[in-house]
Number of protein chains: 2
Amino acid sequence: MLSKKSQYAFKALTYLSEKYEQGPVLISEIAKKKKIPLKFLENILLELKKAGILDSKKGKGGGYFLQKAPDQITMATVIRLINGPIAMLPCVSLYFYERCSNCNEKVCGLHDMMVEVRDATLNIVDNRTIKDLLVGGKS
Amino acid sequence: MLSKKSQYAFKALTYLSEKYEQGPVLISEIAKKKKIPLKFLENILLELKKAGILDSKKGKGGGYFLQKAPDQITMATVIRLINGPIAMLPCVSLYFYERCSNCNEKVCGLHDMMVEVRDATLNIVDNRTIKDLLVGGKS
DNA sequence: AACATAGCCCACCAACTCTATAGACTTTTA
DNA sequence: TAAAAGTCTATAGAGTTGGTGGGCTATGTT
């Protein structure tokens, strides 16, 4: 399941997408409009900034804004950053791989099945961006 | 991600599948062979029993055994029971549905995308059984 | 220079979940 | 009736999640 943090991140990114190339947006504005706890949102936006998804400006007239176009930010990137692995098992994760203890991947039926699930999921989240989250984003 | 509990459950079910229709198997035997903490496994097996997947016999000569054939127990059933929702959002879950607060499902891009992910995942886990976990299970 | 603005950073906390264990109880078989 | 084996309840430690408080730093304005 996606954490609340992830859902907040997507809401914030959606909001910032609507304001893309319209200058910095205040954290407090996003928090208010999207009903996200302010200080919690602060952490999330900072994380998104450090990952190169957002950028910010300090002082008066400052705020947060997208560093790339909405259609250049994939869902997979955001999920991995805020939520963690997309795969259902560490031994099947591309970005958070850890080998199985007591289980040989070469002959593990669960492993193979979870690879299938991972690929089916990636096929979607790798090919969708936050632009697709906007109403009418497909037009 | 699948919890350790889920992974233990699958290991135990795999073991019991190999012994299908060969009489009850001791918890302690499964625990030892599959390297699962005994008391923890106890809880898991009991849960699987209450869900109608396993059955048991008490007293000497007792133990656990599958209540249905391995190919009659879907992955989805076990995951939902031991791990919880398969969907990435409550508002998209078939068995654990909860409506979104502050979000209209009718016009939520995230909702729609997560429906896709859910269906892609279900397409796999609804059509695979614990028989498929066994080596050579496809033959 | 001084001040207000707004993001940055650190530390902390409550609640919850996950993993695991302990111990007593019940049922069954020999 | 004694041993075997599952059943049940409770609990505890570790880690994660969701959230808050307060001070620091950079920036723009006057």
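Each chain gets a letter, A, B and so on, in the order the sequences are listed, and its residues count up from 1.
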Discussion item. When you compare the side chains of B:Thr77 and B:Thr74, does any donor N or O come within less than 3.5 Å of an acceptor on the partner?
Written reply: yes

Discussion item. For the residue pair A:Asn83 / A:Ser3, report whether a side-chain donor-acceptor contact shorter than 3.5 Å exists.
Written reply: yes

Worksheet item: Any salt bridge between A:Glu18 and A:Lys33, counting N to O under 4.0 Å?
Response: no

Worksheet item: Is any side-chain N of the basic residue among B:Lys19 and B:Glu29 closer than 4.0 Å to the acidic one's carboxylate O?
Response: yes

Discussion item. Set out, in order, the CA-CA distance, both residues' side-chain angles and the distance that settles salt bridge (Lys or Arg N to Asp or Glu O under 4.0 Å) for B:Glu42 and B:Lys39, then state yes or no.
Written reply: CA-CA 5 Å; B:Glu42 225 178 82; B:Lys39 296 293 282 181; 3.4 Å; yes

Discussion item. Using the side-chain contact (heavy atoms from CB on, under 4.5 Å) definition, which of the options B:Leu45, B:Leu38, B:Asn43 pairs with B:Leu41?
Written reply: B:Leu45

Discussion item. Whether B:Ser56 contacts D:dA5 is assessed here as follows: a side-chain N or O lying under 4.0 Å from the phosphate OP1 or OP2. Is that the case?
Written reply: no

Contacts under 3.5 Å, N or O only, protein and nucleotides 14-18 of chain D:
residue : atom : partner : partner atom : Å
D:dG18  : OP1  : A:Lys4  : N            : 3.0

Worksheet item: Between D:dA5 atom C1' and B:Tyr64 atom OH, what is the distance in whole Å?
Response: 10 Å

Worksheet item: In whole Å, what is the span from the NZ atom of B:Lys50 to the P atom of D:dT7?
Response: 8 Å

Discussion item. For B:Tyr95, is the OH atom crowded, meaning more than 12 foreign heavy atoms sit under 6.0 Å from it?
Written reply: no

Fill in: Short side-chain to backbone donor-acceptor contact, B:Asp132 and B:Arg128, under 3.5 Å
no

Discussion item. Applying side-chain contact (heavy atoms from CB on, under 4.5 Å) to B:Ile82 and B:Leu48, what does each step give before you reach the verdict?
Written reply: CA-CA 8 Å; B:Ile82 305 294; B:Leu48 290 167; 4.2 Å; yes

Item to complete: Mind listing the residues from residues 22-32 of chain B sitting with a heavy atom below 4.0 Å of DNA chain D? Number order is fine.
Response: B:Val25, B:Leu26, B:Ile27

Item to complete: Assign a letter to each nucleotide of nucleotides 22-30 of chain C from its 5' end: B, base within under 4.0 Å of a protein heavy atom; S, sugar-phosphate only; -, no contact.
Response: BB--BSBS-

